[in-house]
Amino acid sequence: MSKREWLDFVDRLINEDEMEVIGVRAKGSKFQFAPIDSSEELRLDYNVTILPPKKQLLPPHEDLMTYDISKPFNVLSSKDEGKKILIGVHPYDVIAIQQMDEIYLGTHRDEHYDARRKNTLIIASDILNVPERSFSGSLGTHVVEDGFDLLITDLGDMVAVTIGTKEGEELLNTFAEPGEATDEDEMKVKRLRDELPAKYQRKLKVDKYQWEKLLEENYDHPIWEENSKKCLTCGSCTLVCPTCFCYDVEDVMNINMKEGKRVRTWDGCLLRDFTLVAGGEVFREDLKDRYRHRYYRKGLFLPMRNGFVACVGCGRCATQCLPDIADPCDVINTLASYSMHEKVNFPIPDVKQAGIEEGLLVPEPATIVKKERMTELETLYEIKLDSGKELGHKPGQFIELSIFGIGEAPISVSSSPGGMTFELLVRRIGHVTNKLESLEVGEKIGIRGPFGNGFDVKDLEGKDILFVSGGCGLAPTRSLINYVMEHRDDFGRVTILYGCKDPKAILFDRDLRSWGDVKDVTVKRTVDSCPDGECWDGDVGLITTLIPPLDMDPENTIGIVVGPPIMYKFVIKELKAKKIPDDNIIVSLERRMKCGVGKCGHCQMNGIYVCLEGPVFKYNDVKDIPEAF
Amino acid sequence: MKKYVEVEPVARVEGHGEIFLEFEGNNLKNVNFSITEGPRFFEVLVRGKYFRHVPSIVTRICAICTVSHKLASIRAIENAFDVEVSQQTELFRELIHMGSILESHYLHTYFLALPDYLGMPNAISLYKDHPEEVNRALKLKGIGNDIQELIGGRPIHPEKPVIGGFTQFPSRRQLVELRDKLAENVHHTVEAYRLFASLDYPEEMELDSPYSTLVSSENDEFTLMGDTIALDDKRYKLEDYRDVIKEEVIPWSTSKLSRNPEGSAVMVGSLSRLNIMKEFRYPHVLEAKDIHFPFPSNNILHNNLGQAFEGIYAWERAMELIEIILENGIKDERPVDIEPREGHGIGSLEVPRGTLYHEYWIDRKGLVTNANIITPTAINNLIIDEDMKNVGKVLSERGMTKEEIRAKMEMIARAYDPCISCATHMVKIREL
Amino acid sequence: MKPKVAFFDFASCEGCQLEVINLEEKIIDLIDVVEIVSFREAMKEHSDEYDIAFIEGSIQRPMDEERLKKIRGNAKILVALGACACIGGVNKLRNEWSVDNVKEEVYGDADIEGNKLFDAFPTKAINEVVDVDFYIPGCPINKVEFAKVVSHLAIGKTPQLPNYPVCVECKKNENICVFELGKFCLGPVTRAGCNAICPQFQDGCEGCRGFLEDPKMEAQKDVLRKYGIRLDDMMKRFNMFNYKKGVY
């Protein structure tokens with residue numbers, strides 16, 4: 001169609017009340033996607049927008065739900081249902097949206113993203129001016145064949161339209177009267193696309209299929225240390241990225257203390273608090289690790305998980321990074337020139353997820369039916385879902401516990417599967433857990449889950465089992481121990497070692513004693529120290545001291561180790577000394593589990609999402625993962 | 001006979017002030033109005049600072065007059081470099097200034113002064129008895145804030161006004177929305193005036209001093225952007241301001257005190273403005289004038305009534321300014337480029353509480369070498385003090401009790417709307 | 001029982017309290033949730049019985065110090081309101097000169113010797129005098145953040161400040177980086193929470209919310225040098241709200 005017809009088409013779309021037209025327009029000397037009032041504002045000659053069109057599908061701030069805490073359980077999911085048309089999306093951004101679709105809709109469909117995506121039509125546009133820092137020409141993301149509803153090519157006096165979907169075709173025919181393209185027109189479009197790669201100033205020395213290998217071989221390359229020294233930790237590189245999808249969630253109360261909302265905001269792995277857990281631990285404290293993680297995630301972990309390099313070469317990160325250390329093109333080219341050739345493996349365990357597929361974000365109402373204080377810090381809660389259904393968990397899985405107005409916290413389930421109620425052992429350590437303490441029996445909380453893989457009980461059958469639990473680690477372990485006790489004949493000898501700080505900190509003492517009464521079950525309790533005057537009938541000393549004297553058949557023994565981060569290294573060393581093969585050691589790890597479904601990114605441990613592939617791992621699967629222990 | 005001294009922090013004013021009442025028995029012997037706020041020495045703070053950073057520092061003198069200090073310092077520095085700004089910039093500056101007048105006047109009249117007239121302790125109790133008036137006040141003040149926020153970026157310490165212009169202008173759509181909001185609510189300003197016109201203003205609150213304000217050099221029309229100093233009937237050029245006021249330090253107050261070189265106190269503020277400028281042309285302003293218009297007046301309490309009157313003016317002037325801006329079309333102008341050189345400049349403005357003077361000396365590298373800031377409260381400081389002494393004497397002779405006298409004294413203090421945190425940043429005048 | 005709340009001010013512009021008043025109709029909601037027992041800018045009554053004390057302004061004189069210690073003694077929770085209270089703010093700029101020097105400049109040879117009203121010492125942030133439980137930074141504070149802190153305190157959640165730089169909010173708002181406009185910005189080392197208000201209006205961040213716990217100062221200086229900003233100018237800007245003698 002002619003340029004005039006194209007502009008008329010756009011103006012008709014703008015005048016249509018049903019939908020909002022978001023186009024590329026100038027913002028000072030830069031460009032952005034924003035509502036346009038007239039086709040004249042549309043700038044198809046743009047190079048790149050400050051933020052990618054992702055913001056229309058996953059906004060920087062998004063209300064997930066609203067609630068009213070003056071009522072028992074009053075929660076409404078808030079979904080954006082407005083229809084939108086994005087005009088002028090460049091091919092690299094179309095590909096980035098396809099990646100986002102894969103992440104948010106491929107598994108564990110995110111209903112908020114889904115609602116927006118379904119209501120959004122994409123009119124893509126071929127690139128007229130190559131952005132200065134872009135290297136999409138080297139990645140093949142400068143052109144696109146699908147993922148759009150319409151694709152337009154501005155040929156000066158003419159605009160060529162490629163139809164991508166039925167919806168796009170319908171839109172075109174409703175609001176315009178396009179003529180048929182001639183062979184000459186098609187040639188012009190082809191020529192424009194073919195000539196593009198030569199216009200790029202920045203080129204990759206290796207193709208995108210080489211990224212994985214390069215990164216595997218350069219985990220300790222000096223570039224990570226050198227560049228991270230210049231890093232401001234401002235997070236800009238991840239925030240402007242069209243393929244970054246990590247998020248954080250926060251509860252915001254109105255000042256009247258009645259209504260509030262749960263808000264999802266963009267987060268980024270360069271920011272320090274990204275891996276911070278309630279206990280105060282930061283799992284990627286060193287800036288070098290954070291800086292490196294971004295590259296590994298984009299170039300190695302996501303390709304391993306999803307089959308694509310999570311970089312489309314738009315160059316936004318490079319443009320926005322003040323010290324200029326965020327450019328993947330620079331970094332990959334450096335690695336290609338000076339490879340260390342020291343291969344590190346980052347295996348991702350293949351785990352069939354037992355979790356939920358729908359309704360991911362809004363918690364179910366549940367009621368506290370029993371509350372029992374265990375220690376100064378820990379309380380055991382018995383919870384019942386208001387739906388009357390069973391939780392349906394496996395031993396070792398966790399749930400996300402919500403208190404509206406405060407937030408969510410991941411808690412392991414401590415009771416064995418089955419039954420109309422389940423138990424949670426909660427240590428008062430953060431906002432949610434502190435608030436929980438003030439709730440009474442009969443009050444409502446929210447539950448999401450269960451999440452995570454849990455222990456594979458079938459795999460344990462017929463084996464001797466050695467449980468090694470430190471502190472709170474007994475909470476998830478108890479779920480499995482109870483299961484084992486309930487199915488005692490399916491398992492061999494059982495040894496339970498439990499250690500905690502001092503006699504006052506002991507958890508589930510009643511259970512420990514009663515398990516000890518069962519046939520062929522040995523229970524040993526130890527405390528790090530016993531202050532004068534305390535009554536204590538167990539051992540004194542670190543939990544590692546309980547292992548050497550044990551009499552066991554190492555080949556047939558499975559060691560299940562759960563405890564604070566510091567404990568693993570020492571306990572595993574002792575188990576190895578007892579000749580238990582690595583394959584027989586199982587651990588459960590703690591990270592900042594937030595979404596529970598491998599999207600928010602907080603719990604990632606190199607390539608592994610602890611909330612999906614974990615928290616239970618075979619030691620063999622993670623022992624070489626640098627970020628595991 | 002035993003001396004009885006009362007020291008009372010004045011509530012519901014900006015900043016810390018105290019009134020010292022000295023009684024001998026039941027007879028009032030002496031009154032001192034004192035500003036006790038911690039001294040902040042702003043004149044020194046800007047020394048050696050690059051001229052561009054100065055408006056951002058001095059705007060922190062006072063939050064209620066934040067736009068006033070920003071504009072006065074910007075004008076003074078522009079004056080030092082002989083910078084001419086565009087007409088668009090002038091219009092937007094006056095518009096944000098109207099926003100700050102509205103916010104300040106409606107905050108002061110309703111929440112700080114009105115409870116006195118109605119015999120209530122504070123605005124919260126006012127809300128219990130007169131929710132509709134409080135809601136009206138919140139609306140009027142809120143729209144004043146909306147103007148400041150749209151033009152300045154935020155109501156307190158606005159960032160958009162800079163030396164040479166603005167960093168950013170609002171869009172046409174935003175201005176149209178603002179204009180419509182102003183038009184929809186203009187009647188509230190008249191209703192507010194009606195309320196203040198119905199209040200009782202006791203006659204003993206008469207003061208005796210010359211009035212001063214900035215007036216237009218071109219006509220007698222009421223304005224808040226005057227360029228010439230008026231002291232009653234006399235007119236002075238801006239650079240001759242020392243012929244009108246002169247500062248000195250007084251031992252009972254951290255604020256300096258200004259007086260006329262001839263020795264008398266000078267009053268600035270709404271009362272002065274309405275006593276000197278007498279021509280009006282906006283419809284709602286004229287409507288209010290017909291309701292009740294006691295000006296010229298010597299009753300200090302009429303300063304509050306005057307503020308309610310000026311609220312209508314500022315509202316309608318803001319509407320007019322927006323119309324002019326929309327008619328002209330909004331141009332995407334950048335602030336005027338300035339190359340630093342040696343200079344000296346004065347910037348002055350009629351701000352909510354009266355006339356504000358900023359004066360700077362700048363060296364060739366663009367660093368400030370000296371500064372002088374005279375705020376309205378510093379000017380009124382002496383007249384408040386004298387006024388209290390005079391009225392106190394009258395009241396005491398009439399046999400009023402200590403409690404009654406104290407209440408009246410506080411009412412006087414509040415009638416002047418003293419912005420005490422400003423006044424404490426007073427600086428010495430250097431005779432050059 | 002509604003928590004009792006009191007507001008106090010020391011040397012400041014009182015913009016932070018004004019920002020509270022600027023909550024407009026939400027003030028009505030606020031007084032439903034808390035009982036305001038002292039707020040000199042808006043009310044006459046005063047009580048020494050309060051749970052939460054909000055303190056605006058910095059400490060300039062021994063008499064301020066005494067008063068603040070008394071407030072600390074009465075309050076269960078003490079919250080610093082705004083740059084002057086949190087970090088000293090612009091008031092600290094005068095610490096570049098000696099007290100006598102400043103007094104002489106401002107008050108000349110007037111007879112103020114021995115008058116306690118004028119008895120100033122170098123400006124202090126309030127945590128240099130008493131323990132502070134929470135901070136609401138900014139010049140002025142942001143009323144949204146104030147409301148958030150109050151609601152957190154009321155619901156029993158520990159208020160937490162963003163622990164990331166202003167750049168994060170700049171990016172979320174799609175601002176043009178002010179460095180690209182040739183201006184100076186402290187955003188990369190300054191604590192976010194202001195919604196990047198200055199860069200949003202194409203002005204550089206002045207650091208009024210204070211620096212991050214772990215600001216990357218060396219990286220910031222590298223960036224400033226790269227953009228041609230001279231060291232002495234850099235120091236002046238670092239010092240505007242975060243004055244520390246000869247530190248940066």
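Below, read A as the first sequence line, B as the second, and so on, with proteins coming before strands; counting in each chain starts at 1.
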- Heavy-atom closest contact (C:Cys185 atom, C:Phe179 atom, distance): O-CZ, 3.5 Å
- Task: Check whether A:Leu271 gets within reach of chain C through its side chain, its backbone, both or neither, counting any heavy atom under 4.5 Å.
- Result: side chain
- Item | Donor-acceptor pair, side chain of A:Arg290 and main chain of A:Leu270, under 3.5 angstrom | yes
- Query: CD1 of C:Ile71 to CD1 of C:Ile126: how many Å apart, nearest 0.5 Å?
  - Reply: 9.0 Å
- Message: I'd like to know which of C:Ile176, C:Leu212, C:Asp222 tops the heavy-atom pair count under 4.5 Å against chain A.
- Response: C:Ile176
- Item | Partners passing salt bridge (charged side-chain N to carboxylate O under 4.0 Å, His left out) against C:Asp214 (at least two apart in sequence or in another chain) | C:Lys216
- Above 12 or not: heavy atoms from other molecules or residues under 6.0 Å from NZ of C:Lys183? yes
- What pairs of residues pass the salt bridge (Lys or Arg N to Asp or Glu O under 4.0 Å) test when at least one of them lies in residues 235-251 of chain A, not counting sequence neighbours? A:Asp248-A:Arg592, A:Asp248-A:Lys594, A:Glu250-C:Lys148, A:Asp251-A:Arg262
- Message: Please rank A:Met257, A:Lys230, A:Met253 by heavy-atom pairs under 4.5 Å with chain C and give me the top one.
- Response: A:Met257
- Message: Tell me whether the rings of C:Phe211 and C:Phe238 are parallel (<30°), tilted (30 to 60°) or perpendicular (>60°).
- Response: perpendicular
- Between A:Arg292 and A:Glu225, is there a side-chain N and carboxylate O pair less than 4.0 Å apart? no
- Message: Counting heavy-atom pairs closer than 4.5 Å to chain C, which one of A:Lys229, A:Arg272, A:Lys55 comes out on top?
- Response: A:Lys55
- Task: Check each atom of A:Asp273 against the heavy atoms of chain C and say whether the ones under 4.5 Å are side chain, backbone, both or neither.
- Result: side chain
- Message: Show, in sequence, the C-alpha distance, side-chain angles and deciding distance for A:Lys258 and A:Asp68, and conclude whether the salt bridge (charged side-chain N to carboxylate O under 4.0 Å, His left out) test is met.
- Response: CA-CA 5 Å; A:Lys258 289 189 185 84; A:Asp68 183 340; over 6 Å; no
- Message: I'd like to verify something: which residue of A:Asp324, A:Leu239, A:Leu322, A:Asn256 has the highest number of heavy-atom pairs under 4.5 Å with chain C?
- Response: A:Leu322
- Message: Between A:Lys30 and chain C, with a heavy-atom cut-off of 4.5 Å, which part of the residue counts as in contact: side chain, backbone, both or neither?
- Response: both
- Positions in residues 160-174 of chain C that reach chain A, provided some heavy atom is under 4.5 Å away: C:Gln160, C:Asn163, C:Tyr164, C:Pro165, C:Cys167, C:Val168, C:Lys171, C:Lys172, C:Asn173, C:Glu174
- Query: Relative to chain A, which segment of C:Glu180 carries a heavy atom at a distance below 4.5 Å: side chain, backbone, both, or neither?
  - Reply: side chain
- Which residue pairs pass the ring pair (Phe, Tyr, Trp, His ring centres under 6.0 Å) test with at least one member in residues 222-274 of chain A, sequence neighbours excluded? A:Trp224-A:Tyr295, A:Trp224-A:Tyr296, A:Phe274-A:His602
- Message: Atom NZ of residue position A:Lys27 - does it have more than 12 heavy atoms of other residues, nucleotides or ligands inside 6.0 Å?
- Response: yes
- Message: Tell me which of these, A:Ser438, A:Ser236, A:Gly260, has more heavy-atom pairs under 4.5 Å with chain C than the rest.
- Response: A:Ser236
- Task: Heavy-atom pairs under 4.5 Å with chain A are the metric here; pick the option from C:Asp32, C:Thr158, C:Ile155, C:Val189 that has the most.
- Result: C:Ile155
- Message: A:Thr379 and side chain to side chain donor-acceptor pair (under 3.5 Å): which single residue from A:Lys371, A:Glu437, A:Arg428 fits?
- Response: A:Glu437
- Which bit of A:Ile69 is near chain C, if near means a heavy-atom gap under 4.5 Å: side chain, backbone, both or neither? side chain
- Non-hydrogen atoms of chain C under 4.5 Å away: do they reach the side chain of A:Val240, the backbone, both or neither? side chain
